[in-house]
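First the structure, in the form of structure tokens, and then the observations on it.
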4 protein chains.
Amino acid sequence: MRYIVLFFIVNVVFSQEKPKPELTEVWEPEPVIVTPGKNNQPPSDAIVLFDGKDLSQWVNARGGDASWILNNDRSGSMTVTRNGGIETKEEFGSVQFHIEWKTPTKMEGKGQGRGNSGIIFQRRFEVQILDSYNNRTYSNGQAASIYKQHAPLVNSSRPPGEWQSYDIIFIEPEFNEVGTTITRGSFTVFHNGVLVQNNVQILGTTEYIGMPLIGEKQISKYMPGNNSRKTIYIQDHGNPVSFRNIWLRKL
Amino acid sequence: MRYIVLFFIVNVVFSQEKPKPELTEVWEPEPVIVTPGKNNQPPSDAIVLFDGKDLSQWVNARGGDASWILNNDRSGSMTVTRNGGIETKEEFGSVQFHIEWKTPTKMEGKGQGRGNSGIIFQRRFEVQILDSYNNRTYSNGQAASIYKQHAPLVNSSRPPGEWQSYDIIFIEPEFNEVGTTITRGSFTVFHNGVLVQNNVQILGTTEYIGMPLIGEKQISKYMPGNNSRKTIYIQDHGNPVSFRNIWLRKL
Amino acid sequence: MRYIVLFFIVNVVFSQEKPKPELTEVWEPEPVIVTPGKNNQPPSDAIVLFDGKDLSQWVNARGGDASWILNNDRSGSMTVTRNGGIETKEEFGSVQFHIEWKTPTKMEGKGQGRGNSGIIFQRRFEVQILDSYNNRTYSNGQAASIYKQHAPLVNSSRPPGEWQSYDIIFIEPEFNEVGTTITRGSFTVFHNGVLVQNNVQILGTTEYIGMPLIGEKQISKYMPGNNSRKTIYIQDHGNPVSFRNIWLRKL
Amino acid sequence: MRYIVLFFIVNVVFSQEKPKPELTEVWEPEPVIVTPGKNNQPPSDAIVLFDGKDLSQWVNARGGDASWILNNDRSGSMTVTRNGGIETKEEFGSVQFHIEWKTPTKMEGKGQGRGNSGIIFQRRFEVQILDSYNNRTYSNGQAASIYKQHAPLVNSSRPPGEWQSYDIIFIEPEFNEVGTTITRGSFTVFHNGVLVQNNVQILGTTEYIGMPLIGEKQISKYMPGNNSRKTIYIQDHGNPVSFRNIWLRKL
């Protein structure tokens with residue numbers, strides 16, 4: 001009897017030395033449950049910025065209420081009016097961001113003049129909106145470019161008059177108090193479901209003229225008094241671009 | 001009069017030193033045009049791996065034809081049969097990958113035993129498929145985990161019997177000839193449209209038991225004779241998981 | 001005459017469209033001047049944590065003064081005494097960190113028992129110190145490993161009794177309030193001037209037993225009351241490891 | 001006796017369920033041993049590109065032998081002669097690269113005209129060399145800039161006539177056959193031991209005029225016939241800059 005028992009002991013000890021599957025299991029934390037949306041609706045943890053009903057999450061960037069036109073139709077959309085850009089009331093850091101947009105069926109202008117708008121994160125980092133369907137402009141200024149920083153990998157535009165989507169991962173940059181970059185932020189963008197920006201580093205502020213600003217120049221131009229203004233801004237570029245189904249998830 | 005005109009010339013020359021918007025425009029290369037899909041169809045540059053019609057892009061991983069069940073219905077789907085996993089005929093490097101999957105409405109088993117499958121890139125790096133709806137398992141083994149490496153940021157599962165989607169950016173790792181890592185690959189994953197993995201580094205091969213393999217161990221186990229086998233494999237884990245609308249774009 | 005002059009104006013305007021070298025020059029901000037050290041001394045913007053004179057920047061991690069032995073010799077070093085680890089008084093985020101260390105000439109123990117110490121950033125993320133010269137242990141636990149997370153690319157150890165150096169770039173991870181990771185931090189490490197960790201992501205806390213902790217488990221174990229304690233800790237592992245020339249630069 | 005034995009069995013079985021430290025140990029692969037250099041010498045796995053004796057690893061970029069002046073003195077250095085740049089005979093991918101350089105004590109010129117040279121990886125991606133000690137130029141063109149792409153984080157220059165060092169991690173970019181970027185490469189640079197570039201993405205080719213080139217423009221200008229020429233090039237910019245102790249390690 002004793003020998004048999006000892007045999008078992010040896011067996012157990014041996015098996016201890018063999019790794020077991022359990023040992024690379026990580027049980028905590030349990031990921032929080034998020035209910036994904038159906039039929040293109042936002043997930044349950046989204047902050048809905050626009051669902052077609054009102055502009056209550058936005059202000060006019062010049063001050064006052066946001067007054068873009070609500071299209072009271074089935075599309076649940078709004079359209080740029082010549083009142084200047086609109087800006088979220090709330091400020092946001094790193095986010096997953098969804099938006100749908102449509103440039104006018106009646107094409108007017110060309111290049112940067114056709115269907116131009118843009119989403120400007122933290123009022124400094126722009127993802128370009130443009131009618132880039134058969135409308136050549138500079139590559140780093142076409143739809144889905146990180147404006148004047150990174151051209152999209154491909155041009156995945158739909159024709160004017162059709163709804164298009166952006167799904168964006170925005171990771172905000174970090175600076176120290178004198179404006180030196182600690183971590184550059186990044187963008188990943190899908191345009192109509194197609195990967196067009198893959199984890200590209202943000203070079204600095206989006207500038208129409210000149211190179212991106214970093215450091216104290218960025219701070220003095222965009223964050224006077226060191227007050228960042230991390231709202232999200234949608235541009236009025238003079239073209240009646242429409243928007244719908246805008247939401248984000250804080251990362 | 002002549003003097004006035006000369007004044008204008010000087011003025012223009014001076015203004016040349018002021019940066020102009022044109023100078024941060026990048027015109028080349030022009031991004032290639034890709035036509036995005038409508039109604040959840042693949043974009044025009046996609047390689048369609050499965051569209052419901054046949055399994056011609058796949059082989060049975062044990063050799064021979066892929067023989068999972070084609071569900072000849074409107075869903076355009078196929079279902080795991082107990083014949084082992086299936087593997088693409090072609091090999092792939094870095095890709096944008098889309099798949100839709102559904103675990104059985106009739107729930108059987110629990111934890112890892114319920115609705116288990118997985119997509120294994122380059123036969124080494126697995127994105128887990130599992131019924132993780134009210135079915136607790138280890139976090140780094142639930143749906144949308146990089147199996148035993150990275151838990152998803154959130155649990156964005158739909159109930160069994162509903163179609164779910166993964167949109168995956170897979171960047172392949174690079175090794176030198178002795179197996180030392182030069183660049184770790186990475187995964188970004190959206191589960192039902194919700195970001196669940198954001199540019200996480202691949203630690204090594206997916207291992208059920210023990211830590212991820214790197215270096216020569218990886219090579220000897222998965223790439224004997226230094227022949228990589230960079231196919232994409234879908235697991236038969238004994239549960240009748242269904243799939244549809246599988247496509248990728250080479251990056 | 002006037003027409004000829006106007007011709008020149010047009011010409012000048014045309015030539016403006018040709019890019020000039022000046023236009024990709026970025027003048028602001030001007031990088032801050034840092035005077036690099038000579039003869040292995042710290043640069044001018046370094047915070048000197050130990051220069052051989054005293055332990056005034058450190059406390060004993062159990063409370064009270066740091067009491068490791070000051071070797072009042074030319075080496076400008078101190079040596080671990082059996083009083084427990086030492087910890088900086090100040091907290092630090094992302095840093096460039098330099099340290100020199102030496103394991104005892106008289107080798108005692110083997111594997112993890114020989115010349116063991118470690119630098120633990122933010123009390124959670126350890127770069128291992130060990131006598132790994134002809135002293136095999138697990139790869140992800142040898143000198144210059146991110147302990148139990150990432151083995152060094154190569155083993156660049158010097159023999160016991162010789163001074164060795166680490167030059168470390170530590171980028172701290174970011175979490176939101178519930179402990180979900182927004183950005184994983186990273187380590188880049190040079191061991192005696194040889195690159196051994198290249199921008200590897202931090203997986204979670206360094207754990208002797210079990211997998212790295214993330215999320216609320218990390219918070220509850222290391223940051224009770226959500227109070228992070230972002231000091232730098234040097235381990236007393238029972239071996240008389242010596243240290244000198246410790247400094248960092250805030251990033 | 002039997003009871004005692006059973007007690008031990010139970011004890012062992014219980015302890016199996018508790019994770020053990022061994023289970024997160026990774027033993028393979030064992031990192032390759034590299035002997036670090038002493039007194040500023042290269043490590044044992046380095047490819048020495050210049051050790052003061054000869055220019056046998058280099059050719060003149062115009063064809064023919066490299067003919068920069070060997071300073072047959074204790075410094076083990078060479079100096080730019082007006083014969084054009086020099087280029088390694090061998091091609092290199094991702095590397096750890098070390099170089100020491102010195103601008104002339106007799107300062108001549110200013111801005112880009114003083115002590116200008118540069119290291120151009122794969123003939124496309126330049127780390128700038130310049131006398132940037134009390135010699136203001138554009139930030140993204142001063143010493144340790146990724147020329148016209150990324151200014152250094154700080155200016156860690158030594159005065160003219162003193163030896164300075166760069167320690168560079170260069171990760172090469174990857175393109176597909178049509179020139180679309182799959183992974184951007186990156187640079188990490190230490191200037192005289194101070195971190196000045198931290199894992200910054202390479203935007204495209206280094207261009208004196210205009211924006212960085214990517215895609216087919218990069219290929220047609222630098223890789224005609226799709227033949228990359230991944231040598232390392234050191235610039236002759238007309239200033240007698242000196243160099244010594246040049247080595248790299250393949251990553």
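The chains referred to below are lettered A, B, ... by the order of the sequence lines, with proteins before strands, and numbering in each begins at 1. Values reported hereafter were calculated over all heavy atoms of this structure, with side chains retained and with hydrogens, waters and symmetry mates removed. Computed from a prediction, not measured in an experiment: that's the story for all the values here.
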Q.
I'd like to verify something: which residue of B/Thr35, B/Val196, B/Thr137 has the highest number of heavy-atom pairs under 4.5 Å with chain A?
A. B/Thr137
Q) Checking A/Glu25 against chain B: side chain, backbone, both or neither under 4.5 Å from a heavy atom? A) both
**Q.** Residue among B/Glu28, B/Lys38, B/Gln164, B/Arg136 with most heavy-atom pairs under 4.5 Å to chain A
**A.** B/Arg136
Q) Which answer fits A/Phe190, side chain, backbone, both or neither, if we ask what part of it has an atom under 4.5 Å from a heavy atom of chain B? A) side chain
Q: Heavy-atom distances under 4.5 Å only: say whether B/Ser186 touches chain A with side chain, backbone, both or neither.
A: neither
Q: Below 4.5 Å from any heavy atom of chain B, which atoms of A/Asn198 appear? Answer side chain, backbone, both or neither.
A: side chain
Q: Identify the two heavy atoms, one from B/Leu153 and one from A/Pro31, that lie closest to each other, and give their separation to 0.1 Å.
A: O-CB, 4.1 Å
Q. Do you know the tightest heavy-atom contact between A/Gly37 and B/Arg158?
A. O-NH2, 2.7 Å
Q | Contact origin within B/Pro29 toward chain A - heavy atom pairs under 4.5 Å | A | backbone
Q | Best-contacting candidate, B/Asn199, B/Asn140, B/Thr188, against chain A by heavy atom pairs under 4.5 angstrom | A | B/Asn140
**Q.** Minimum heavy-atom distance B/Ser157-A/Pro36, with the two atoms named
**A.** O-CD, 3.8 Å
Q: Name the option with the most non-hydrogen atom pairs under 4.5 Å to chain B; the candidates are A/His191, A/Glu22, A/Lys148.
A: A/Lys148
Q | Minimum-distance pair of heavy atoms, taken over all atoms of A/Glu30 and B/Ser139 | A | CA-OG, 3.7 Å
Q) If you take all heavy atoms of A/Thr24 and B/Tyr208, which pair is closest and at what distance? A) OG1-O, 3.9 Å
**Q.** Heavy-atom proximity to chain B below 4.5 Å, by part of A/Gln149
**A.** neither
Q. Out of A/Glu207, A/His98, A/Met211, A/Glu162, which one racks up the most heavy-atom pairs below 4.5 Å with chain B?
A. A/Glu162
Q. If you tally heavy-atom pairs under 4.5 Å against chain A, which of B/Leu251, B/Ile169, B/Asp167 wins?
A. B/Ile169
